[in-house]
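Quick notes on the structure that follows.
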Amino acid sequence: MSLPSKENFSEWFHEIIQTAEIMDIRYPVKGLYVWFPFGFKLRQLVYGKLREIMDREHSEVYFPALIPETELGKESEHIRGFEDEVYWITHGGLSPLDVKLALRPTSETAMYPMFKLWIRNHADLPLRVYQIVNTFRYETKHTRPLIRLREITSFKEAHTAHRNYEEAEEQVKKAIGYYKEFYDFLAIPYMVIRRPDWDKFPGAVYTIAFDTVMPDGRSLQIGTVHHLGDNFAKTFEITYEAVDGNHYFVHQTCYGISERCIASLISMHGDDLGLVLPFEVAPVQIAVIPILYKGKEEKVLDFSNELLEKLKGFRVVFDKGEERPGAKYYKWELKGVPLRFEIGPKEAERREVVVSFRDEKKKFSVPIEEINEQKISQWAEEMRARLRKKAVESIKLKLKFVGELSELSEIVREYVSIMHLCKNRDCGEEIEKHGGKLLGWLEEIPDFLEVSKEGECIVCGGKGSLAVSARSY
RNA sequence: GGGGCCGUGGGGUAGCCUGGUAGAUCCUUUUGGCUUUGGGAGCCAGAGACCCGAGUUCAAAUCUCGGCGGCCCCA
């Protein structure tokens with residue numbers, strides 16, 4: 001029943017996914033997992049926020065999951081980046097297909113032939129759409145629920161088209177802003193990192209990623225934003241007629257977030273007792289536990305009902321099951337319920353409620369009259385601040401600035417390594433010889449890092465800026 | 001890409017080396033009943049398992065091979 005300690009992160013993650021009923025990992029195909037109802041509810045709430053953000057200036061769409069080989073292969077760099085990982089449909093029934101169909105590894109080549117039809121003139125721009133879909137990649141490394149999947153079940157991908165490079169770049173900045181808002185909402189600290197030129201999205205001009213740090217000191221990419229320039233526009237002939245009457249190629253961006261956001265949510269805040277979830281995304285926000293002594297049930301139940309009446313706007317569980325109170329506390333703590341109200345004969349007598357926050361040990365009493373939506377929202381907001389502070393503190397312990405190249409091999413085994421590095425590819429490759437992966441250069445300095453942006457390249461001594469290397473998931 | 005370990009009730013394990021009825025390995029889970037309820041209650045009676053396939057053998061959870069699935073280490 002009890003989880004392994006979070007100190008042993010890999011084991012802890014594996015167990016909590018199952019015992020907290022996020023995903024059932026017993027599905028008999030490698031890399032595919034089943035969402036439990038509870039996990040799916042969490043997904044729905046988290047993606048609800050993402051939808052809310054996207055809906056401000058994007059339209060939600062749906063494109064087919066199957067892409068003909070003829071389209072997938074059009075952009076040569078793009079196909080080279082994915083060809084090892086594509087699942088192919090080769091038959092319809094017993095007959096071989098004339099044109100093989102790929103299960104989308106991502107949707108650029110599904111969407112952009114249609115963009116060509118949709119975009120005629122400058123009034124059609126900017127075009128901004130997104131979809132939340134499954135994608136397939138034949139992963140050869142170890143698969144892991146929510147983190148490395150052969151079917152990504154929850155890929156939010158946005159695709160935009162603009163009149164020129166600059167307007168597309170504006171969109172890149174906006175996208176970064178949206179993702180910041182999303183991860184701030186989840187109280188997950190992140191680094192915004194520009195990927196090395198040799199490690200960008202296949203077909204992109206440049207790639208900017210969101211990376212966070214897992215409790216075992218490995219990095220996890222939890223979002224990417226790509227400036228595609230007019231690379232795909234040229235391949236798929238997406239042009240528009242401008243006010244001057246000439247035709248120009250559009251410039252595009254795309255950006256995505258997968259269920260790794262939920263992996264990071266679980267990993268960042270969870271503890272030895274189970275999930276710890278921000279109030280807004282918790283499938284159960286409040287657990288009300290009555291303590292039913294024999295002969296006093298009615299009094300306690302009446303008072304509970306009075307309380308429940310006040311909690312109508314929230315996702316509440318009223319647990320009057322047979323178990324003893326202690327067992328119920330553990331059960332709902334495992335599920336990450338942010339607020340717990342306990343009501344026994346004493347509380348009914350004094351018209352008070354015992355309140356307990358998931359992220360803190362202490363309990364305290366509050367008169368029932370003081371409990372209302374505003375109070376609860378205030379508690380929720382305070383809890384988010386505490387979660388973020390705690391997350392930042394734990395991340396700080398996993399980051400280390402590296403001043404000497406000779407120290408890197410040692411440090412990168414346990415920490416996400418920060419260093420000054422120039423943009424020279426040779427220097428970047430030198431970094432990776434010491435283990436870990438060069439994630440790239442910090443686009444901005446996060447508030448939890450106190451180091452100067454500029455410095456001498458740790459390899460060649462030239463002009464360098466802050467770079468990050470880590471063992472990554 | 002290279003190497004190693006593993007698969008037994010829903011979950012975690014003992015048994016495998018040295019083949020001999022899973023009639024009771026242990027913990028957890030679960031069904032019914034009684035008694036309980038302020039941090040994982042107790043008792044009684046039940047339920048539930050050898051990954052799949054082939055081979056060796058009188059006999060396979062146990063030995064061999066293959067498949068599927070999982071974990072770890074190195075690059």
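Reckoned from all heavy atoms, side chains included, excluding hydrogens, waters and symmetry mates. Below, chain A is the first sequence line, B the second, and so on; all start at residue 1.
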Row check, [Y] ring normal vs [X] NZ/CZ: under 6.0 Å, within 45°:
X	Y	value
A/Lys396	A/Phe448	no
A/Arg150	A/Tyr138	yes
A/Arg340	A/Tyr329	yes
A/Arg350	A/Phe303	no

Any-strand Watson-Crick or G-U partner of [N], both distances under 3.5 Å:
N	result
B/C16	none
B/A24	none
B/C34	B/G42
B/U56	none
B/C68	B/G7
B/U62	none

Problem set entry | Residue-phosphate contact under 4.0 Å: A/Ser10 side-chain N/O, B/C71 OP1/OP2 | no
Exercise. Would you say A/Arg324 reaches B/A41's phosphate, i.e. side-chain N/O to OP1/OP2 under 4.0 Å?
Worked result: yes
How long is the line joining [atom1] of [X] and [atom2] of [N], in whole Å?
X	N	atom1	atom2	value
A/Ile17	B/G70	CD1	P	15 Å
A/Ile343	B/G39	CD1	C1'	18 Å
A/His142	B/G4	NE2	C1'	11 Å
A/Lys335	B/G40	NZ	P	20 Å
A/Tyr330	B/G38	OH	C1'	13 Å
A/Lys30	B/C51	NZ	C1'	16 Å
A/Ile291	B/A41	CD1	C1'	15 Å
A/Ile25	B/G70	CD1	P	9 Å

Heavy atoms from C-beta onward define the side chain here; which of [options] lies closest to that of [X]?
X	options	answer
A/Tyr293	B/U36, B/C72, B/G38	B/G38
A/Lys294	B/G70, B/U36, B/G39	B/U36
A/Thr143	B/G70, B/G38, B/G39	B/G70

Mind checking if [X] touches a base, just sugar-phosphate, or nothing, with heavy atoms under 4.0 Å?
X	result
A/Lys328	nothing
A/Glu297	nothing
A/Gly435	nothing
A/Arg413	sugar-phosphate
A/Lys320	nothing

Problem set entry | Any side-chain donor near an acceptor of the partner, A/Glu157 and A/Ser107, under 3.5 Å | yes
Problem set entry | Distance-only donor-acceptor check, side chains A/Gln221 and A/Asp211, under 3.5 Å | no
Rounding to an integer number of angstrom, what distance separates [N] and [M] when you compare their [atom1] atoms?
N	M	atom1	value
B/A61	B/G4	P	27 Å
B/C72	B/U31	C1'	39 Å
B/C63	B/U56	C1'	8 Å
B/G42	B/G48	C1'	23 Å
B/G12	B/U30	P	16 Å
B/A24	B/A14	C1'	13 Å
B/U18	B/C27	P	30 Å
B/U25	B/G39	C1'	31 Å

Where does the angle between the aromatic ring planes of [X] and [Y] fall among parallel (under 30°), tilted (30 to 60°) and perpendicular (over 60°)?
X	Y	result
A/Phe136	A/Tyr87	perpendicular
A/Tyr183	A/Tyr190	tilted
A/His227	A/Tyr206	tilted

Seminar exercise, completed: Expected string for nucleotides 5-14 of chain B under the B/S/- scheme (protein heavy atoms, under 4.0 Å, primed atoms plus P, OP1, OP2 as sugar-phosphate) is -----SS---
Exercise. Is A/Tyr329 stacked on the base of B/G39, with ring centres under 5.5 Å apart and planes under 30° apart?
Worked result: no
For this session: Take atom CD of A/Glu369 as the centre, draw a 6.0 Å sphere, and report whether it contains more than 12 heavy atoms from other residues, nucleotides or ligands.
Result: yes
Is there a donor and acceptor pair closer than 3.5 Å between the side chain of [X] and the base of [N]?
X	N	value
A/Arg340	B/G39	yes
A/Glu323	B/G39	no
A/Glu333	B/G39	yes
A/Lys363	B/G38	no

For this session: Look at the side chain of A/Tyr62 and the backbone N and O of A/Val133, then say whether any donor-acceptor pair between them is shorter than 3.5 Å.
Result: no
Exercise. Which residue, A/Thr140 or A/Gly344, contacts RNA chain B at a nucleotide closer to its 5' end, judged by nearest heavy atom?
Worked result: A/Thr140
